[in-house]
Amino acid sequence: MTSTIDATTGDTPRFVRADGPDKVTGSGRYTADLTLTGMLHAAFRYSDHSHARIVRLDTAPARDMPGVFAVLTQADVPDVHYGPSVADRTLFANDVVRYEGDVVAAVAAVTPELAAEAAAAIVVEYEPLPIVTDVEAALDPDSPLVHAGWADYRSGDVRDRNSASYSSITKGDVDAAMANADEIVRSRYVADASHGAPIEPRAVVAEWEGDHVTIWTSTQVPYDARAGVCETLQLPTNRVRIIVPHLGGGFGGKCGFHFEAHVAALARVAKRPVRLKFSRAEEFLVPDRRREGMVIELESGVMRDGTIVARRGRAILDNGAYTADAGFFPQVAAMHIAGPYAIDHVAVEAHIVYTNKQPSGSIRAPTAPQACWAAESHTDEIADRLGIDPVELRRINAVDEGRVGPSGQTYGEIGLRRCIDIAPGLVGYGDELPDDEAIGVAIGWWPSFSVPSGAIVKLDDDGYGQIVTGAQECGTGAVMTLRQLAADELGIEPERLRMVYQDTSVAPFDLGATGSQTLFNNGRAVVAAAAQVAEQLRQLAADRLEAAPDDIVLAEGAAHVAGTPDRSIAIDELARIASGGELLIGHGSGTPPAAPELSGSSCIGDNGMAAWVAPQFSCHAVRIRLDRDTGVVRVLHVGAAHDSGTIINQIGALGQVEGGVMMGIGQALTEGTRYDDEGRQRNAGLLEYKLQTCADAPPITTEFVQIATAGAGPRGAKGLAEAPNVATAAAVANAIAHLVGRPVRHLPMTAERVWTAMHRTAEQEAAS
């Protein structure tokens, strides 16, 4: 069943987030706020070279300083190569440094100033090595190698020299279909790298008690962080506890394992707690999570009626110096280059390539905004070539129920066509506009990630309770929806349930705040756990109301017999009774939904990203104004239509769309990392790296197309947090192209790049 929600109405139900009062009053503590008795402060010595061999490393000047308790290099920790997809790095740079933020050594001292001074005193001498910064040149057979020993690294990915991971999707006969097409449209696009740039720079605190360590850290994925500490320091999981205090945003940049083991190792040697706190510059330069730069080439064969019969594509992604979690990125990029279109003949390939730049990694919908920007700009180029309305062209080719997507997946009931019908009208598509205004449209998609998760639900003797879960909260609001789900099962108010989460020694496993998966996976676990408690309550009530347990209804704080609400007993009373016998405790996990089958395609380097469980769809329409004197683009209005399955927490869902749209606008117009020829970042600060602010925010009108999706999350819900970031930049780009007369082929589409494209068009028109 399909229904729509206009999320701009004033009837949206609101309730207080569990973490809201602490955050808005300033009483909540983040990792950087923690202070422990005897605590020391950590500082790192960075390579400051993009590619060089270490020929001398002398830590004595730092060790000899009064107040310095520990100085570590790779010689002081286990010699372990690690990485989630390619084991291509060690805790500290060992022999070779590969980007400017490589950690060479770490210091723990009594003050932050002394720690920084000691780190600077460490003597490091280098032998320069060839620097690789061009991703296309890095694939040349004679290119210098970023990792000379790449063949010995543990990995399950398809690799070759500087290509850290490769994937392709092939379906049908592209050459034959191209030969029979009425038109061939070719495009090339280049996207700069960018950053998630959360407000909170990361911090880590570690304290040992005997042979086990507690680590407080600003991570989105505590179990992943724990696994990294255990692997690199050679510890069993029950000796490492990860706790996440309030988390000040992450956007994917705080996924994965980062510096927890460095700080834990310092604390073990120093025999004191140690805290690491990044500066804003370090937050830009050092972590292995920034959005990858990308070069994208597309070729489509089309018929005059608008049917896209064939697509060939190639993407080269900038991996940076290490692979982090980016091994699956080529396949995701390939899927977005193909797009949510029913194209019979497809041949798309993608490489993620080592360079001497900061490593790439998960940032909100990794690879998707750039690949969608290129593919949807290309779609508008097709529409222009054929003289077909771009919205109509998308209607003709979009996947729908019963149609086969580019990787061979046949879709059930989905809402993409409905999204295409809704979004353009939200911003006045088709209306007459002023000369310097235009509307661009783009469609996007994103998977729902099916992974294991667990939860515990318990009610105490007064009818109040806890949900114990490994799920995380970094601004998504997903965890407040968990209270709503459990409360509905138990027939009580959500406020009666308290969340206990973000602690690996307390909660069952969860993947963390990544992959838009919390509601999708942990939501099922919470419902299952609450259902066990609900069954206990029904049994207790049935014994006292002389009815069958199946006839007991839990609602409005009481258990009553179906059809006779006057025969009831308060859940508080049932909880008191249970406290003298079998306690009200439930646990849930469940089997994650299986991936759908693919037919008629082949995937080299398959990382499981070609078959999407409960795929999400969207259409964004963006109205802009262009200042032709400066090239400055202002977004005036955004219309967003999303199919994310059943919307359970409407206000939370609306916030996710608005946040994702704003990130997309920033990536479209201002956010891009600039590098010099030596691989050094030139704008690693908020003054030079231009984020969008509240002053830039346009009206955002959102409608949800609700389809209760079978085999998905609770009540047929899908993921949501990443999807709104996918199509926005593409819609902005298409609006700009309408005014400029040609696509702006470099992301971000800064004022300078827009002005240049506009004047290039004017010069060509004058010449013709």
Side-chain ([X]) to main-chain ([Y]) donor-acceptor, under 3.5 angstrom:
X: E658; Y: G655; answer: no
X: R241; Y: V213; answer: no
X: K254; Y: G249; answer: yes
X: T232; Y: G228; answer: yes
X: H258; Y: T219; answer: no
X: E671; Y: A668; answer: no
X: T323; Y: A326; answer: no
X: Q74; Y: F92; answer: yes
X: N162; Y: A138; answer: yes
X: N238; Y: V240; answer: no

[X] and side chain to side chain contact (heavy atoms under 4.5 Å, CB included): which partner among [options]?
X: D318; options: Q358, M294, R290; result: R290
X: I215; options: T504, T31, I243, V204; result: V204
X: P359; options: V286, D288, D102; result: D288

Verify whether one side chain among [X] and [Y] offers a donor that lies under 3.5 Å from an acceptor in the other.
X: Q517; Y: D510; value: yes
X: H195; Y: T673; value: yes
X: Y46; Y: E282; value: yes
X: E100; Y: S47; value: no
X: E722; Y: W446; value: yes

Between [Y] and [X], does any NZ, NE, NH1 or NH2 come within less than 4.0 Å of an OD or OE carboxylate oxygen?
X: R202; Y: E283; value: yes
X: R291; Y: D192; value: no
X: R680; Y: D48; value: no
X: E200; Y: K23; value: no

Looking at [X] and [Y], what are the two nearest heavy atoms and their distance?
X: A513; Y: V221; result: N-CG1, 4.4 Å
X: A455; Y: A529; result: O-CB, 3.7 Å
X: A371; Y: A333; result: CB-O, 4.0 Å
X: I169; Y: S407; result: CG2-CA, 4.0 Å
X: A727; Y: C372; result: CA-SG, 3.9 Å
X: S589; Y: S453; result: OG-O, 2.9 Å

Within 45 degrees of the ring normal and closer than 6.0 Å to the centroid, is that where the cationic atom of R89 sits relative to Y322?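 Yes, R89 sits over the ring of Y322.
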Side chain proximity check, [X] to [Y], heavy atoms < 4.5 angstrom:
X: V135; Y: T355; result: yes
X: L669; Y: P748; result: no
X: H351; Y: N319; result: no
X: P366; Y: F329; result: yes
X: S448; Y: K718; result: yes
X: L247; Y: Y30; result: no
X: I352; Y: S163; result: no
X: D157; Y: F328; result: no

Measure from the ring center of [X] to the ring center of [Y] and say whether it is less than 6.0 Å.
X: F44; Y: F259; answer: yes
X: H51; Y: Y99; answer: no
X: H81; Y: Y153; answer: yes

Could you walk me through whether R289 and D325 satisfy the side chain to side chain contact (heavy atoms under 4.5 Å, CB included) test, starting with their C-alpha distance in whole Å, then the side-chain angles of each, then the deciding distance to 0.1 Å, before giving a yes or no? CA-CA 9 Å; R289 294 292 191 283; D325 64 347; 3.6 Å; yes
Just verifying a value: how many Å separate [X] [atom1] and [Y] [atom2], rounded to the nearest 0.5 Å?
X: Q616; Y: S644; atom1: CD; atom2: OG; answer: 4.5 Å
X: N725; Y: M662; atom1: CG; atom2: CE; answer: 11.5 Å
X: S450; Y: F520; atom1: OG; atom2: CZ; answer: 5.5 Å
X: N94; Y: D79; atom1: CG; atom2: CG; answer: 6.0 Å
X: R483; Y: T481; atom1: CZ; atom2: OG1; answer: 10.0 Å
X: W612; Y: W445; atom1: CH2; atom2: CH2; answer: 5.0 Å

Would you indicate whether H246, at its atom NE2, is surrounded by more than 12 heavy atoms from other residues, nucleotides or ligands within a distance under 6.0 Å?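 It does: H246 NE2 has more than 12 such atoms within range.
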As a quick check of understanding, evaluate side chain to side chain contact (heavy atoms under 4.5 Å, CB included) for L485 and L519, giving each step before the final call. CA-CA 10 Å; L485 290 169; L519 174 61; 3.7 Å; yes
When you look at V500 and T469, which way does the side chain to side chain contact (heavy atoms under 4.5 Å, CB included) test go after all the steps? CA-CA 6 Å; V500 180; T469 170; over 6 Å; no
Audit row: E688, R280, salt bridge (charged side-chain N to carboxylate O under 4.0 Å, His left out) steps and yes/no: CA-CA 12 Å; E688 297 83 11; R280 177 58 60 183; over 6 Å; no
Can you list the steps and then say if T90 with V80 is a side chain to side chain contact (heavy atoms under 4.5 Å, CB included)? CA-CA 6 Å; T90 52; V80 174; over 6 Å; no
Member of E349, Q331, R159 meeting the side-chain hydrogen bond (donor to acceptor under 3.5 Å, both in side chains) criterion with Y166: E349
Might you work through the ring-ring contact (aromatic ring centres under 6.0 Å, His included) test for H147 and Y354, ending with a clear yes or no? CA-CA 8 Å; H147 289 267; Y354 284 122; 4.4 Å; yes
Show your reasoning for whether side-chain hydrogen bond (donor to acceptor under 3.5 Å, both in side chains) applies to Y82 and D88. CA-CA 6 Å; Y82 69 92; D88 56 8; over 6 Å; no
